[in-house]
Amino acid sequence: MLFRSYDTICTRDRDPWLATHEVHTLLVDVWKNASAWLMGRYMIMPDHIHYFAGHRDGIIPYNRWVTYWKSRFSNRFGKPECRFQSGGFDHRVRTAAAYEAEWQYIRENPVRAGLVKTSDEWPFQGEIHALRWD
């Protein structure tokens with residue numbers, strides 16, 4: 001991986017519709033098939049998603065990829081009232097240490113929000129591709 005990004009994508013008006021098994025399953029399927037970028041670790045909260053993505057060659061710009069997977073998800077989900085905000089809050093991740101530190105902070109989001117007692121209890125998280133710094 002040459003380029004890695006950390007992003008936060010929010011729902012429109014911060015409506016809390018994301019943290020369901022149906023949404024989680026569909027997002028994972030969409031991310032696996034939106035392969036221009038590789039989805040790393042992710043955390044789905046009720047009204048936002050944190051994730052890391054990596055790209056090898058930069059052919060597809062990051063913002064186009066995000067627009068693509070949001071559109072694919074929305075079309076397949078079929079609930080027009082459940083929308084994402086435009087854009088996101090992406091940041092470049094430059095080192096393995098930064099990746100691990102950000103992930104450890106993100107993993108505690110469900111605990112800080114009072115949704116679970118430990119981060120391992122939160123079912124709406126995972127890793128699709130290991131983003132290595134070899």
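Owing to the predicted nature of the structure, the values given are computational and were not obtained by experimental measurement.
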Problem set entry | pair Pro110-Met43: side-chain heavy atoms closer than 4.5 Å | yes

Seminar exercise, completed: Heavy-atom nearest pair, Ser119 first then Gln125, reads O-NE2, 2.7 Å

Exercise. Same cluster for Ile59 and Tyr68 if Ile/Leu/Val/Met/Phe/Trp/Tyr side chains link at under 4.5 Å?
Worked result: no

Problem set entry | Gap between atom CD1 of Ile9 and atom NE2 of His50 - 0.5 Å precision | 11.0 Å

For this session: Test Tyr42 against every option in Tyr51, Trp122, Trp103, Trp31 by the ring-ring contact (aromatic ring centres under 6.0 Å, His included) rule and name the one that passes.
Result: Trp31

Exercise. CG of Asn63 to OG of Ser5: how many Å apart, nearest 0.5 Å?
Worked result: 8.5 Å

Exercise. Would the Phe84 and Trp69 ring centres measure less than 6.0 Å apart?
Worked result: yes

Problem set entry | side chain to side chain donor-acceptor pair (under 3.5 Å) partners of Glu100, counting only residues at least two apart | Arg41

Exercise. Is the shortest heavy-atom distance from the side chain of Leu38 to the side chain of Ile128 under 4.5 Å?
Worked result: no

Seminar exercise, completed: Residues at least two apart in sequence or cross-chain that pass side chain to side chain donor-acceptor pair (under 3.5 Å) with Asp120, listed by chain then number, are Arg107

Exercise. Are Val111 and Val116 side-chain neighbours, meaning at least one heavy-atom pair lies under 4.5 Å?
Worked result: yes

Exercise. Rounded to the nearest 0.5 Å, how far does CD of Gln85 lie from CG of Asp47?
Worked result: 9.0 Å

Exercise. What pairs of residues pass the side-chain hydrogen bond (donor to acceptor under 3.5 Å, both in side chains) test when at least one of them lies in residues 70-80, not counting sequence neighbours?
Worked result: Asp29-Arg76

Exercise. When you measure from the side chain of Glu102 to the backbone N and O of Phe52, does any donor-acceptor pair fall under 3.5 Å?
Worked result: no

For this session: Report the distance from atom CG of Leu27 to atom CD of Glu22, rounding to the nearest 0.5 Å.
Result: 10.5 Å

Exercise. If you take all heavy atoms of Ile60 and Ala36, which pair is closest and at what distance?
Worked result: CG1-CB, 3.6 Å

Exercise. For the residue pair Trp65 and Ala34, what are the closest heavy atoms and their distance?
Worked result: NE1-O, 2.7 Å

Exercise. What are the two closest heavy atoms between Pro123 and His21, and how far apart are they?
Worked result: CB-CE1, 4.0 Å

Problem set entry | Over-ring placement of Arg112 relative to Tyr105, 6.0 Å and 45° cut-offs | yes

Exercise. How close do Ala53 and Tyr62 get, heavy atom to heavy atom, and via which atoms?
Worked result: CB-CE1, 4.4 Å

For this session: May I ask you to test the Cys82-Val23 pair for a side-chain heavy-atom distance under 4.5 Å?
Result: no

Seminar exercise, completed: The reported gap from CZ in Phe77 to OG1 in Thr20 (rounded to nearest 0.5 angstrom) is 5.5 Å

Exercise. Are the side chains of Met45 and Leu115 in touch, meaning some heavy atoms are under 4.5 Å apart?
Worked result: yes

Exercise. Does the His48 side chain pair with the main chain of Arg14, one donor and one acceptor, at a distance under 3.5 Å?
Worked result: no

